[in-house]
Amino acid sequence: MKVISVRRNARLALVAFLVCAGFPVLFAQTSTQRSPVAPSREQVQAVVDQAYEKFKSDTGGKNADYIPALAQVDSKLFGVVAISTDGQIVSDGDIDHAFSIQSISKVFSLALAMNELGPDAVFAKIGSEPTGRPFNSVDAVVDMPSHTGNAFVNAGAIATVSLISAPSADAKWQMILDFYSKAAGENLTLLEDVYKSEAATNTGNRALAALLLKYERIYADPLESVDVYTKQCSVGVTAKQLAVMGATLANDGINPITHERVIKSENVPEILSTMMMAGLYDGSGGWAWHVGLPAKSGVGGGIIAVFPGKGAIAVFAPPLDEAGNSVKAQKTINYVAEQLGINLFSPRSVGLK
Ligand code: GLU
């Protein structure tokens, strides 16, 4: 990812201005829980609009083509949505185009497995170590035979699906789809063309599942697990629905639009920590360094980033870098995070004056 220059002075000036101005309506804040650095809705909208204009003509990266259907998606599509934990929405661009969720699904299947089994059992079986390897790495499985690395590499995600208990593969798929739909606050559906395209070409994932079987690290039928995993990756989401899913994580597991609890509160920190360490594959360290927000990308071109307690941003733009992360989405979120001063590791982002 090309690093966007840090505009510290501008950011500090903006934060100082917001603090001094004492905006009455704070983005992502209720009247009883204000952060001195939370920006106003108008400020967030302005920064989202600036980012959209700045990056909409960026031609970096290219669509994933190892899943043939993804190569067909219009590479110019670009949508940005930010949603606060009190349900305020700001957006720009193609926010209603449904695209495949791909790896971002892994966050929510992890949450479902943790809802059922608790964090300790999931941690023991799946792990939360960055692999430093590509998302579909076979070497990572061979090098870490005692666990699967983390729930966001393909091997770990397939093993996570295998952990979810259900009477049949169809029932498990339906449970997963219902769970994602609750997080999005709308009924999501399978993109059949993406599913068929991926199911016809996912020999690598089937090989990973066979390796997991060799190391006794898969907990249901391997091929069935790959098939459910392939379906979960082919769920269609819009940038807006994805932002609600991210804001559900930001809001301690409660959907900020429907107010329904989706993810157990006690599991949210573990999920976000895995996003921080492994959310952008072998680009995760660079992302933490530059942006400092837990995030998850998918090869469909989506990325969600979560500002815990405040809100989330989702960006959709199909062209990817070599690690499989959307180029425009990374630049957009990096820009928005810098301008709003919301890097989680900055003392200013948590209220230092
Ligand atoms: N379904 C994709 C795969 O298994 C997901 C990869 C991704 O989004 O990173 O390869």
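Read the numbers this way: they start at 1 and go in the same order the structure lists the ligands and their atoms. Side chains included, hydrogens not; waters and symmetry mates left out as well; all remaining heavy atoms used.
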Checking side-chain polar atoms at under 3.5 Å, does [X] have a donor or acceptor matched by the opposite partner on [Y]?
{"X": "Ser128", "Y": "Asn150", "answer": "no"}
{"X": "Ser225", "Y": "Tyr219", "answer": "no"}
{"X": "Gln330", "Y": "Asn334", "answer": "no"}

Item to complete: With heavy atoms under 4.0 Å as the rule, classify the contact between Cys233 and ligand 1 as side chain, backbone, both or neither.
Response: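 Near ligand 1, Cys233 shows its side chain, while the N, CA, C and O stay back.
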Discussion item. Is the contact between Thr230 and ligand 1 made by the side chain, the backbone, both, or neither, using heavy atoms and a 4.0 Å cut-off?
Written reply: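 It is neither part, as no heavy atom is under 4.0 Å.
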Discussion item. Can you check which of Val226, Val299, Val153 brings a heavy atom nearest to atom 8 (O) of ligand 1?
Written reply: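 Ranked by closest heavy atom to atom 8 (O) of ligand 1, first place is Val299.
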Give the residue and atom name of whichever protein heavy atom lies nearest to [atom], and the separation in Å to one decimal.
{"atom": "atom 10 (O) of ligand 1", "answer": "Tyr66 OH, 2.6 Å"}
{"atom": "atom 1 (N) of ligand 1", "answer": "Glu198 OE2, 2.4 Å"}
{"atom": "atom 7 (C) of ligand 1", "answer": "Ser103 OG, 2.8 Å"}
{"atom": "atom 5 (C) of ligand 1", "answer": "Gln102 OE1, 3.3 Å"}
{"atom": "atom 9 (O) of ligand 1", "answer": "Tyr281 OH, 2.1 Å"}

Worksheet item: Would one find more than 12 heavy atoms of other residues, nucleotides or ligands at under 6.0 Å from atom NZ of Lys240?
Response: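 No, because the 6.0 Å sphere around NZ of Lys240 holds 12 heavy atoms or fewer from other groups.
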Worksheet item: Does ligand 1 have an atom that lies less than 4.0 angstrom from a heavy atom of Asn154?
Response: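 So Asn154 counts as touching ligand 1.
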Practice prompt. Hey, can you tell me if Tyr335 and Phe55 have their rings parallel, tilted or perpendicular (30° and 60° cut-offs)?
Written response: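 Ring orientation, 0 to 90° scale: perpendicular.
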Item to complete: Kindly assign one of parallel, tilted or perpendicular to the pair Phe108 and Tyr180, based on the angle between their ring planes and the thresholds 30° and 60°.
Response: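 Rings of Phe108 and Tyr180: perpendicular, over 60°.
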Discussion item. Within the 4.0 Å heavy-atom shell around Gly298, which atoms of ligand 1 are there?
Written reply: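 The atoms of ligand 1 under 4.0 Å from a heavy atom of Gly298 are 8 (O).
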Worksheet item: Taking the six-membered ring of Tyr52, is NZ or CZ of Lys56 closer than 6.0 Å to its centre and within 45° of its axis?
Response: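 Here Lys56 fails the 6.0 Å and 45° test against Tyr52.
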Worksheet item: For the atom pair CG (Asn154) and OH (Tyr281), what is the distance rounded to the nearest 0.5 Å?
Response: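 If we round to the nearest 0.5 Å, Asn154:CG and Tyr281:OH are 7.0 Å apart.
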Worksheet entry | Any N/O pair Tyr229/ligand 1 closer than 3.5 Å |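 Such a contact does occur with ligand 1.
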